[in-house]
Amino acid sequence: SFSRGCFIADCRHHHPGCFAVRNTHRRADGANRGTIFLLYFPQAAENAKGIIAMPFELTGVNFSYSGKKVIDDISMSFAPGMFCGIIGPNGCGKTTLLDLLAKHRRPTTGRIAYAGRDLGTYSIKELSKEIALVPQNFYINFPFTVKEVVMMGRYPHIPRFSAPSAEDVDIVQEIMEKTEVSEFTGRFITELSGGERQRVVFARALAQDTHVLILDEATSNLDVNHSISLLNISEKRMKQQGRTIISVMQDINLAAIYCDYLVFMSRGRIAIHGATKDVLNSDTIRKVFKIDAKVYAESYSDSLQVVFKK
């Protein structure tokens with residue numbers, strides 16, 4: 001995990017997949033001392049031409065609702081080519097953090113940078129080409145067909161007053177087939193069940209073909225089969241291209257299976273963050289959720305898993 005004093009940037013020698021980390025700390029005599037080391041991400045190395053250096057960097061980010069602080073002094077970076085899970089109790093600020101990353105809200109104080117540029121300077125269309133969001137709840141009253149909704153994911157890439165290209169149509173068709181929503185093609189979105197609607201919204205985000213995919217409890221309304229299927233598709237599409245997934249997840253065991261990196265939040269702050277194998281343990285569960293749990297290595301899922309007592 002990175003300390004608050006860490007700064008992450010491209011390797012100065014341009015080694016594909018490498019990022020330089022400078023960790024500044026204070027010596028006993030009061031002087032600052034910097035240690036520089038390299039992090040290597042295989043997915044980023046394989047696809048160095050198609051990735052951005054560092055999707056998000058948050059520095060001293062705070063956010064308040066009507067004077068009540070919801071996000072409290074968060075400083076961290078999200079590396080490319082990683083599946084990052086955000087976990088924590090209800091009301092700890094997880095969704096608000098995602099809203100800040102998607103520019104749906106702006107920090108009260110502090111700075112969020114995307115690809116080295118202040119997030120607030122991006123236009124909606126620019127961000128729509130970079131970041132796709134699958135929200136917890138999707139409300140739509142107009143009877144668009146399912147295919148029309150999935151095609152909305154292509155709108156940021158279609159010139160104004162132009163029709164979708166043959167490539168856009170092919171992308172939408174491929175995504176609908178992979179996400180198993182092609183059977184709903186001609187049906188109205190308003191006719192579908194909550195879980196079916198969520199799958200369509202997921203397909204729309206994948207059709208958007210962005211560097212960053214943000215999932216806000218995106219599988220909470222889905223059965224286990226479709227949850228695993230959509231997470232598999234997302235992981236394969238995003239990570240093979242050195243891209244980034246940031247997901248709020250309530251199911252800790254599902255997060256343990258898919259996430260390379262976990263961020264545990266508590267009362268608007270980062271309680272602990274790091275590689276899943278390093279931070280997912282009984283002490284973390286007790287600290288964040290105030291309950292006892294056993295964490296063990298499960299060979300069938302090839303991941304850590306968590307069990308609780310009644």
Side-chain angles (χ1 to χ4, degrees), residues 1-8 54-78 84-114 117-124 127-128 130-140 194 198 201 205 212-221 244-252 254-255 259 261-274 279-280 283-293 306 308:
S1 66
F2 307 130
S3 69
R4 188 175 165 188
C6 284
F7 173 78
I8 310 176
M54 188 60 57
F56 290 105
E57 293 180 66
L58 289 76
T59 307
V61 172
N62 294 276
F63 181 80
S64 300
Y65 289 110
S66 303
K68 180 183 178 182
K69 186 170 282 190
V70 180
I71 297 296
D72 188 3
D73 194 28
I74 289 182
S75 295
M76 67 173 299
S77 298
F78 293 92
C84 178
I86 301 176
I87 297 174
N90 295 336
C92 71
K94 302 184 298 296
T95 293
T96 302
L97 178 58
L98 294 191
D99 284 343
L100 291 168
L101 295 179
K103 200 188 166 187
H104 291 170
R105 302 185 186 279
R106 300 203 178 199
T108 307
T109 58
R111 180 176 186 266
I112 301 176
Y114 176 77
R117 174 179 157 192
D118 193 292
L119 186 66
T121 66
Y122 284 85
S123 68
I124 293 175
L127 275 187
S128 296
E130 299 290 336
I131 302 168
L133 169 68
V134 182
Q136 284 185 51
N137 300 299
F138 178 74
Y139 301 104
I140 187 167
Q198 190 71 357
V201 176
V212 177
L213 177 62
I214 295 178
L215 308 175
D216 188 5
E217 297 186 35
T219 60
S220 59
N221 291 330
T244 304
I245 302 173
I246 303 172
S247 177
V248 166
M249 303 180 81
Q250 290 291 2
D251 188 329
I252 297 178
L254 203 58
C259 298
Y261 200 90
L262 291 178
V263 177
F264 285 89
M265 293 186 65
S266 178
R267 298 183 178 182
R269 299 182 66 91
I270 303 297
I272 187 170
H273 64 101
V279 300
L280 182 55
D283 289 338
T284 298
I285 300 298
R286 188 180 303 110
K287 176 182 178 181
V288 174
F289 292 99
K290 314 301 181 189
I291 56 173
D292 292 325
V306 185
F308 307 93

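For the pair I252/F289, a side-chain contact is recorded, criterion being any heavy-atom separation below 4.5 Å from C-beta on. When side chains are defined from C-beta on, V263 does not count as touching L97, because their heavy atoms never get closer than 4.5 Å. Side-chain contact between I131 and L213 is absent, with no heavy atoms from C-beta onward closer than 4.5 Å. Between V279 and I272 the shortest side-chain heavy-atom distance falls below 4.5 Å. Using a 4.5 Å cut-off on side-chain heavy atoms (C-beta onward), T95 and Q136 make contact. Residues P107 and N62 fail the side-chain proximity criterion, which asks for heavy atoms closer than 4.5 Å. F138 places none of its side-chain heavy atoms less than 4.5 Å from the side chain of N221. Counting only heavy atoms from C-beta outward, the side chains of L58 and S77 never approach each other to under 4.5 Å.
Other residues, nucleotides and ligands contribute only 12 or fewer heavy atoms inside 6.0 Å of the CD1 atom of I124. Heavy atoms from other residues, nucleotides or ligands lying under 6.0 Å from CZ of R286 number more than 12. Residue R111 places its CZ atom among more than 12 non-hydrogen atoms of other residues, nucleotides or ligands, all under 6.0 Å distant.
Between atom CE of residue M249 and atom OG of residue S247 there is a gap of 4.5 Å, rounded to the nearest 0.5 Å. The CD1 atom of I245 sits 11.5 Å away from the CD1 atom of I214 when rounded to the nearest 0.5 Å. Taking CG from L215 and CG from L98, the interatomic distance works out to 8.5 Å, rounded to the nearest 0.5 Å. We find the CG-SG distance between L254 and C259 to be 8.0 Å, quoted to the nearest 0.5 Å. Note: H273 NE2 to T284 OG1 = 12.0 Å, rounded to the nearest 0.5 Å. Here L133 contributes atom CG and H104 contributes atom NE2; the two are 5.5 Å apart, rounded to the nearest 0.5 Å.
When the side-chain hydrogen bond (donor to acceptor under 3.5 Å, both in side chains) test is applied to T108, no partner is found at least two apart in sequence or on another chain. Under the salt bridge (charged side-chain N to carboxylate O under 4.0 Å, His left out) criterion, D99 pairs with R105, sequence neighbours left out. Every residue two or more places apart in sequence or in another chain that forms a salt bridge (charged side-chain N to carboxylate O under 4.0 Å, His left out) with K69 is listed here: D72.
Counting only distance, with no hydrogens or angles, the side chain of Y261 and the backbone of F78 share no donor-acceptor pair below 3.5 Å. Using a distance-only test at 3.5 Å, with no hydrogens or angles considered, no donor-acceptor pair links the side chain of K103 to the main chain of L100. With S266 contributing its side chain and A271 its backbone, the two residues share no donor-acceptor pair below 3.5 Å. Checked by atom type and distance alone, the side chain of K94 pairs as donor or acceptor with a backbone atom of G88 at under 3.5 Å.
I285 and A293 get closest at one heavy-atom pair: CG2-CB, 3.8 Å. Taking each heavy atom of I87 and A255 in turn, the nearest pair found is CD1-CB, 3.8 Å. Heavy-atom minimum distance, A218 versus V134: CB-CG1, 3.6 Å. The two atoms that bring L101 and L119 nearest to each other are O-CD2, 3.5 Å, heavy atoms only. Closest non-hydrogen pair, P55 versus T244, comes out as CG-OG1, 3.3 Å.
No side-chain N or O of S220 forms a donor-acceptor pair with one of Q250 less than 3.5 Å apart.
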For F264 and L280, run side-chain contact (heavy atoms from CB on, under 4.5 Å): C-alpha distance rounded to whole Å, both residues' side-chain angles, the deciding distance at 0.1 Å, then the answer. CA-CA 9 Å; F264 285 89; L280 182 55; 4.0 Å; yes
